Undergrad: 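For reference, the structure I am asking about is given below.
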Amino acid sequence: EAQRRISTFLGQMLNADRCGVVLADDFDGLAEEFGSAEIVERILETRTPMLLLCDTRNREVRPDIDSLVVSPVLIDQQLVALIYAVKYRDTPRSFEELDRLLVVGVSHHAAMAIQRLKYEQALLHSANYDMLTGLPNRKLFLERLSRSIARAKRHSDYGFAVFFIDANNFKLVNDSLGHQLGDEVLRQIGARLQRTFRELDTVGRFGGDEFAVLVDGVLTVQDVLPLAQRLLDTTSEPYNIKGHEFVILLSVGITLSSAGYEFAEDALRDADIAMYKSKEAGGANFRVYDRVMHAQLMNSLKLQTDLRNAYKMEEFLLQYQPIVSIETGEIRGFEALLRWNSHDRGLVKPDQFFSSIDTTGLLNSIESWVVRKASNQIAAWSRQYARPSPLFMSVNLSAKQLENPNLVNFIQETVEACGLKPEQLWLELSEKNSIGDEGSTIPKLQAMHELGVRLCLDDFGTGYSTLGYLSRLPINVLKIDRSFISEADLNPESTKVIHTVIGLANNLGLNVVAEGVETEAQLNMLRMSKCPQIGRASCRERV
């Protein structure tokens with residue numbers, strides 16, 4: 001359209017017989033138009049405007065041409081087009097210098113128009129496509145998804161599916177190998193997804209390591225299951241980039257149009273929910289959305305809100321489980337147990353809320369509160385009940401708390417502020433919940449050990465790295481997990497494990513506490529095994 005308008009304008013202004021705008025890809029056609037390849041080559045070489053008057057002595061061009069004006073269109077010193085005007089024989093007037101100047105002026109305006117158009121196209125592309133992978137971005141994906149939803153409403157025999165995809169271990173690759181290599185990984189993931197699906201499907205990237213696919217023309221779960229499996233098979237093949245070989249595990253959530261969506265964002269939300277269910281299962285798998293998932297998410301969001309309010313309203317409290325000498329029955333210390341006395345829910349068990357605290361961002365604050373409050377309590381009891389062997393308080397530390405760079409200073413300040421002897425504070429590390437990054441954790445544990453604080457390995461025997469932990473960590477106390485104690489009445493193998501753990505602790509010079517003792521038979525078995533201390537099971541739920 002722009003070429004046509006320019007040609008029409010020049011024809012009217014110059015009273016030319018023929019005008020045209022020729023783009024770079026079509027320059028070869030000008031040789032035939034002018035009847036001379038030499039003229040075209042001269043323009044391309046000099047990149048300067050030309051006025052050519054043809055008479056009987058100048059036959060560089062076709063014999064029917066009287067005069068010719070040609071001007072290049074340059075953008076950033078690149079020749080992108082040629083504008084020309086032609087007058088044929090028997091014309092009342094040949095082109096003059098003023099005509100050449102007019103064509104030059106038009107070529108400048110054309111250059112600016114083309115430049116502006118390029119900028120507009122670039123802006124339009126960046127508004128709709130991901131700059132790294134070239135895939136449709138979230139905006140364009142949602143537009144296409146909206147059209148699919150509208151089509152599904154009009155035609156009952158049409159359906160679609162939305163895949164929401166997240167690369168589980170991409171951050172590890174990005175942090176360890178660098179962002180430049182990480183960008184290449186994202187490009188390759190996008191390329192593999194495009195190869196997995198058809199051209200009529202839309203593969204998009206939403207930023208970070210999140211991708212989505214709009215699969216056109218599928219109706220049932222049976223239609224999408226082979227696609228999902230093929231996706232996992234394709235993307236689970238090792239990546240080899242700049243000599244580094246690694247595997248990226250994808251979590252995939254899927255929802256179908258049969259859910260009856262009104263808005264694109266709702267379909268994307270449900271696919272995202274299903275993706276997180278896949279991620280919880282460990283990645284390299286997929287989950288198809290159902291309404292139960294949404295209900296669980298809403299319950300989880302409400303729980304997180306209630307937990308934040310509980311912290312503000314001081315609804316958390318501590319209960320204390322006694323740790324007793326198995327020989328004398330004397331209380332030696334206590335384990336602090338976190339409870340939530342909810343205004344709406346009543347007294348809530350930790351296994352119903354503690355795993356959700358981390359998502360609220362309050363875990364460090366709540367665990368620090370537990371340490372301070374428990375330390376103040378044991379200090380008060382020690383002053384009230386003076387005894388040769390002072391009472392101790394055992395408090396659980398999560399792997400998240402172990403990441404706190406100020407942990408050692410906080411423990412030291414708490415001990416000093418409460419007037420405790422360091423050995424009165426026992427800090428429990430759960431093998432079930434992992435010790436965390438040992439590279440940064442062990443120096444902290446060593447520093448706390450040097451302060452005199454006692455370190456306990458909780459849930460002993462339930463993980464896979466127990467003996468390794470004993471050799472690497474400065475542990476003082478082993479706590480035998482209650483699962484072994486509860487089975488001891490019925491399972492002789494559990495009794496053997498308990499004997500072995502106690503013998504191991506004695507050989508290593510470690511103290512032992514058996515947790516969750518409920519029956520006389522269990523107590524007698526532990527007494528025969530010479531277990532020094534037990535935790536009574538009157539308060540079974542623990543942090």
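Please read all numbers here as calculations on a predicted model, not as lab measurements.
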Undergrad: Roughly how far, to the nearest 0.5 Å, is the CD atom of Gln446 from the CE atom of Met448?
TA: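 The CD atom of Gln446 is 10.0 Å from CE of Met448, to the nearest 0.5 Å.
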Undergrad: Take Asp458 and Leu429 through the test side chain to side chain contact (heavy atoms under 4.5 Å, CB included) and record every step on the way to the result.
TA: CA-CA 6 Å; Asp458 196 9; Leu429 316 172; over 6 Å; no
Undergrad: Any side-chain to backbone donor/acceptor pair from Ser148 onto Arg144? Under 3.5 Å, distance only.
TA: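 Confirmed, Ser148 side chain pairs with Arg144 backbone.
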Undergrad: Is it the case that Ser257 and Tyr158 place a side-chain donor and acceptor less than 3.5 Å from each other?
TA: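 Note: Ser257 and Tyr158 side chains miss the donor-acceptor criterion.
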Undergrad: Between Asn409 and Glu413, is there a side-chain donor-acceptor contact under 3.5 Å, judged purely by atom types and distance?
TA: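 No, no side-chain donor-acceptor contact under 3.5 Å.
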Undergrad: Measure from NZ or CZ of Arg192 to the centre of the six-membered ring of Tyr239 and say whether it is under 6.0 Å with the direction within 45° of the ring axis.
TA: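 Yes, Arg192 sits over the ring of Tyr239.
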Undergrad: Report the relative orientation of the aromatic rings in Phe206 and Phe141; use parallel for angles under 30°, tilted for 30 to 60°, perpendicular for over 60°.
TA: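 Aromatic pair Phe206/Phe141 classed perpendicular.
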Undergrad: Partners of Lys302 by salt bridge (Lys or Arg N to Asp or Glu O under 4.0 Å), sequence neighbours excluded?
TA: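 Lys302: salt bridge (Lys or Arg N to Asp or Glu O under 4.0 Å) contacts with Asp306.
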Undergrad: Would you check if there is a donor-acceptor pair between the side chains of Asn364 and Lys400 at a distance under 3.5 Å?
TA: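 Side chains of Lys400 and Asn364: no pair found under 3.5 Å.
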Undergrad: What I want to check is whether the side chains of Arg205 and Thr133 have a donor and an acceptor closer together than 3.5 Å.
TA: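 Per modelled atom types, Arg205 and Thr133 side chains form no pair under 3.5 Å.
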Undergrad: Looking at the rings of Phe197 and Phe163, which for Trp means the six-membered one, are their centres under 6.0 Å apart?
TA: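 Phe197 vs Phe163: aromatic centres under 6.0 Å.
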Undergrad: Salt bridge check, Arg269 against Asp272: does any charged N sit closer than 4.0 Å to a carboxylate O?
TA: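 No, this pair does not count.
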Undergrad: Run the numbers on Asn396 and Glu335 for side chain to side chain donor-acceptor pair (under 3.5 Å), then give the verdict.
TA: CA-CA 8 Å; Asn396 286 271; Glu335 180 178 357; 3.3 Å; yes
Undergrad: Is a side-chain donor-acceptor pair under 3.5 Å present for Tyr276 with Asp166?
TA: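 Note: Asp166 and Tyr276 side chains miss the donor-acceptor criterion.
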Undergrad: Give the C-alpha distance, both sets of side-chain angles, the deciding distance and a yes or no for side chain to side chain contact (heavy atoms under 4.5 Å, CB included) between Met313 and His343.
TA: CA-CA 10 Å; Met313 302 300 293; His343 177 74; over 6 Å; no
Undergrad: Could you list the residues that satisfy salt bridge (Lys or Arg N to Asp or Glu O under 4.0 Å) with Glu280, not counting sequence neighbours?
TA: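 Once residues adjacent in sequence are excluded, the partners of Glu280 under the salt bridge (Lys or Arg N to Asp or Glu O under 4.0 Å) criterion are Lys277.
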